[in-house]
Chemist: 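Before anything else, here's the structure in question.
Order of the sequence lines fixes the chain letters, A, B, ..., with proteins taken first and strands second; residue numbering starts at 1 for each chain.
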Number of protein chains: 2
Amino acid sequence: MKKLEIPTPKLNAEAPAARQIYSHLRSLIIVNTLQPGMRLSENDLAARYEVSRQPVREALTHLEHDGLLEIKPQRGSFIRKISVPNLEGICFVRCAIESQAILESVSLSPQDFSLIIKGMESNLNAQRALSGPTLREDFLRLDDDFHRIICSFARNDLPWELIQSVKANMDRIRFFTIEGVSRLENLIAAHAAVLEGIRTHNVFLAVGMLKEHLYEILSTYKMVMAENADWFD
Amino acid sequence: MKKLEIPTPKLNAEAPAARQIYSHLRSLIIVNTLQPGMRLSENDLAARYEVSRQPVREALTHLEHDGLLEIKPQRGSFIRKISVPNLEGICFVRCAIESQAILESVSLSPQDFSLIIKGMESNLNAQRALSGPTLREDFLRLDDDFHRIICSFARNDLPWELIQSVKANMDRIRFFTIEGVSRLENLIAAHAAVLEGIRTHNVFLAVGMLKEHLYEILSTYKMVMAENADWFD
DNA sequence: GGATCAAAACTTGGATACAAGTTTTGCAGT
DNA sequence: ACTGCAAAACTTGTATCCAAGTTTTGATCC
C-alpha cells in the first residue's frame, strides 16, 4: 500500500496535542481529504505530527466516538464509510430539534424575537451577496450560522451543540453536492421561505419548508454515490 | 483528603478494558455513587482496576466528552456538577426528538404500527405490575424502554442513541426523584396518556402529554438541590 | 510460472518511565 | 499557637517499550 499524503500536519505548542490532532483530522475527514475506507496508522500520524502515539491514539478514539472512524484491534483504523441510514437519522434529528426551536419562537418576547429575526435577515443577505472562488466554503459557513440562529430560539446551547456533533457525516456529502450556482439559489430560497414563515408566526409553513430543506440532501447523495460507490456501505 | 471507596472495581478479561472502565464509571456517576465535585485520580483508578493508566485515561476522556467529567490539566479530574441549563437542554432535545418520532407514527404501515403499540402496551403492563425492593431500578429500566420504543417510530437507530448519550445528566436527578409510589403512579399515568394519544392517532394529545411528562423533572430537581446544593453549579 | 508456507513487518492494546505543573504538607521562625 | 516558605507528594501530558495478533511478503517447492 502506498503512503497517503495529508496536506499540512502543523501543530501548535500551547494547546493539548491530542485535541489539535483530533480537530485537524476531523476537518480533513469532513472535506473528504481523508476518504471513506482509508486506513490511518497511529505510527504514521505520530511521525507526521512529530509527537508520540499517545496523543494520536486519543484523537483516534474520539473520532471513533463521533462515528467518523472505525478502529479494528490489531488490524487498523479506517475512515468510516458513509451510511445512508445514518444520513437519514441525522436529517431526522436535525429536523426534530430545529422544528422544536421554531415552535419556541412564538413564545419569545418581541424584543428577543426581532433580534433573532434581524440576525437571520443579515445572514440571508450575506448569502445572497456571495461570490468568488471560496464560494462553496463561504456558503457552508453561512448555512451553518443560519441553522445555529434557528437553534438559538431554544435559548439553550445544547441543541446546536448536539447538531454539530452529529452533523459531520452529513457535511461530507454537502461538501460535494453544493456546486452549481443554481443549486445554491435554491438553498437560499429555502432559507428565505423558512425565515418568512418564522417572521409571520406561521410555524406550520416554516417547519414544513425546513423539513423539505433538510431532507433535500437525501435526494442528492446519490450523485456522490454514483461517482464514489466505494465511499458508502 | 480521605480516600473514597468505590464499590466493586471488577474487570472482565475478554473485552477492551477502557470500555469496561468507562461503562462502570459512567453507571457509578449516574447513580451518584461518584458524586458531583468528587475528584478521580488516574493512578488510584488504575490501581483499583489493576491496569495501567492508559485504559483509565481513555475512559476518563470519554466521560469528559459526555459532559460527566471535567479534566483540569495538572490539577485533577472532577465529576461534573449538575447544570440546570443543561437539564433544560436535555428536556428540550428529548422532547423534540420523541415528538418527531410520534409524528412519524401516523405514516407507518398498520402492521408496523400495531406491532409497536403492542410493545408499548406490554411495557406499560410491566410498569403497573412493579413491586419489590428493586422497584426504583426496575422502573427506570422500563421507563427507558418505553421511550426507546417511542423512538422506534422513526425507524432509525440514531434518535435513541443520541438521547441515550445525552440523558446521563438527567438520570442523576431521576434516580433521586423517583421514590414514592404515588409519584410512580403519576409517571405511569403519563405514559398511559401518551400511549392512548398515539394509539388513537391524536398526535397533538400525545405530544402534549409527552412534553409535560419530560419537563416534569425540571419541577422536581429542586428537591435534590435543597439537600445537595453543592452538587449544582 | 503458480501454489504453499513460514518469517518478517506491520497493526493496535497495554505497561512503564519521565516531564511539567499544582497542591499539600511540614518544618522553621516568630 | 500562628505565619511563611520550601520541599515533597500529588496531578495530568507525553514518550518509549513490550505484547499479541494480523497482514504482507518472499523464498521454496512443485
Side-chain angles (χ1 to χ4, degrees), chain A residues 1-6 9-25 29 34 36-80, chain B residues 1-6 9-25 29 34 36-80:
Chain A
M1 172 173 300
K2 64 177 181 297
K3 286 277 182 178
L4 54 93
E5 289 299 326
I6 58 179
K10 59 187 176 296
L11 208 64
N12 187 347
E14 62 193 38
R19 185 163 298 272
Q20 291 182 67
I21 297 172
Y22 164 76
S23 299
H24 187 227
L25 289 179
I29 293 174
L34 297 175
M38 267 189 180
R39 170 145 82 176
L40 295 185
S41 161
E42 292 184 358
N43 282 317
D44 184 48
L45 290 173
R48 290 175 189 280
Y49 288 108
E50 296 179 356
V51 294
S52 82
R53 273 180 53 210
Q54 175 72 18
V56 171
R57 179 174 172 70
E58 190 171 320
L60 294 190
T61 59
H62 275 66
L63 289 172
E64 183 183 38
H65 189 281
D66 289 351
L68 293 175
L69 193 75
E70 182 175 8
I71 301 179
K72 300 181 179 179
Q74 275 80 36
R75 303 186 76 173
S77 304
F78 302 87
I79 308 292
R80 274 197 98 92
Chain B
M1 171 169 307
K2 62 177 182 296
K3 286 278 182 179
L4 53 93
E5 290 299 326
I6 59 179
K10 59 187 177 294
L11 208 63
N12 186 346
E14 63 193 39
R19 186 163 295 272
Q20 292 183 66
I21 297 172
Y22 165 77
S23 299
H24 186 227
L25 288 179
I29 293 174
L34 297 174
M38 266 188 182
R39 170 146 81 177
L40 294 186
S41 162
E42 292 184 0
N43 282 316
D44 183 48
L45 291 173
R48 291 177 187 278
Y49 288 108
E50 295 178 356
V51 295
S52 82
R53 275 180 52 211
Q54 172 76 15
V56 171
R57 180 173 173 72
E58 189 171 320
L60 294 191
T61 59
H62 275 65
L63 289 172
E64 184 183 37
H65 189 281
D66 288 350
L68 293 176
L69 193 75
E70 183 175 8
I71 301 179
K72 301 181 179 178
Q74 275 80 37
R75 302 186 77 176
S77 304
F78 303 87
I79 308 292
R80 273 196 98 92

Chemist: Name the atoms and distances for all side-chain donor-acceptor pairs under 3.5 Å in residues 69-80 of chain A, with sequence neighbours left out.
Modeler:
none

Chemist: I need the CG-C1' distance between A/D44 and C/dT12, as an integer number of Å.
Modeler: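 That distance rounds to 14 Å.
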Chemist: When the distance from OH of A/Y49 to P of D/dA15 is rounded to whole Å, what number comes out?
Modeler: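 About 14 Å, once rounded to whole Å.
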Chemist: Hey, mind stepping through A/V51 and A/L45 against side chain to side chain contact (heavy atoms under 4.5 Å, CB included) and telling me if it holds?
Modeler: CA-CA 8 Å; A/V51 294; A/L45 290 173; over 6 Å; no
Chemist: Decide whether B/D66 and B/Y22 meet the rule of one side-chain donor and one side-chain acceptor closer than 3.5 Å.
Modeler: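 There is such a pair between these side chains.
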Chemist: Does anything in residues 68-75 of chain B reach DNA chain C, meaning a heavy atom under 4.0 Å, and if so which residues?
Modeler: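 Contacts with DNA chain C under 4.0 Å: B/Q74, B/R75.
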Chemist: Apply side chain to side chain contact (heavy atoms under 4.5 Å, CB included) to the pair B/Y49 and B/Q20, showing each step before the final yes or no.
Modeler: CA-CA 10 Å; B/Y49 288 108; B/Q20 292 183 66; over 6 Å; no
Chemist: Measure from CG on B/L60 to C1' on D/dT12 and round the result to the nearest Å.
Modeler: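 Those two atoms, CG and C1', are 10 Å apart.
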Chemist: Using a cut-off of less than 4.0 Å, is there contact between a side-chain N or O of B/N43 and OP1 or OP2 of D/dC10?
Modeler: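 The answer is no; no side-chain N or O of B/N43 sits under 4.0 Å from OP1 or OP2.
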Chemist: Report the distance from atom CG of A/L40 to atom C1' of C/dT11, rounded to the nearest whole Å.
Modeler: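 Result: 13 Å.
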Chemist: Is any side-chain heavy atom of B/L25 closer than 4.5 Å to a side-chain heavy atom of B/L60?
Modeler: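 In short, these two side chains touch, coming nearer than 4.5 Å.
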Chemist: Distances under 3.5 Å only, N/O to N/O: pair up the protein atoms with those of nucleotides 14-17 of chain C.
Modeler:
{"unit_1": "C/dG14", "atom_1": "OP1", "unit_2": "B/A17", "atom_2": "N", "d": "3.3"}
{"unit_1": "C/dA15", "atom_1": "OP2", "unit_2": "B/S52", "atom_2": "N", "d": "2.6"}
{"unit_1": "C/dA15", "atom_1": "OP2", "unit_2": "B/S52", "atom_2": "OG", "d": "2.9"}

Chemist: To the closest 0.5 Å, what do you measure between CD1 (B/I29) and CG (B/L63)?
Modeler: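 Reported value, rounded in 0.5 Å steps: 5.0 Å.
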Chemist: Nearest whole angstrom, please: distance from the P of D/dT16 to the CD of A/E42.
Modeler: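 Rounding to the nearest Å, CD of A/E42 and P of D/dT16 are 15 Å apart.
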Chemist: Between A/S77 and C/dT11, is there a side-chain N or O to OP1/OP2 distance below 4.0 Å?
Modeler: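 No, outside the criterion.
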Chemist: What's the CD1-C1' distance between A/I21 and D/dA15, to the nearest Å?
Modeler: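 For the pair A/I21 CD1 and D/dA15 C1', the rounded distance is 13 Å.
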Chemist: Of all the heavy-atom pairs spanning B/A17 and B/P55, show the shortest one and how long it is.
Modeler: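 In this case the closest contact between B/A17 and B/P55 is CB-CB, 4.1 Å.
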Chemist: Can you list the steps and then say if B/T61 with B/H65 is a side chain to side chain contact (heavy atoms under 4.5 Å, CB included)?
Modeler: CA-CA 6 Å; B/T61 59; B/H65 189 281; over 6 Å; no
Chemist: Roughly what angle, to 10°, lies between the helix axis at the start of the helix from C/dG1-D/dC30 to C/dT30-D/dA1 and the one at its end, five pairs per end?
Modeler: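 About 30° separates the two local helix axes.
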Chemist: Provide the full list of salt bridge (charged side-chain N to carboxylate O under 4.0 Å, His left out) pairs with a residue in residues 52-63 of chain A, sequence neighbours left out, each pair given once.
Modeler: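 Every salt bridge (charged side-chain N to carboxylate O under 4.0 Å, His left out) pair that includes a residue of residues 52-63 of chain A, provided the two are not neighbours, is A/E42-A/R53, A/E42-A/R57, A/R57-B/E58, A/E58-B/R57.
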Chemist: Carefully, step by step, assess B/L40 and B/D44 under the rule side chain to side chain contact (heavy atoms under 4.5 Å, CB included).
Modeler: CA-CA 8 Å; B/L40 294 186; B/D44 183 48; over 6 Å; no
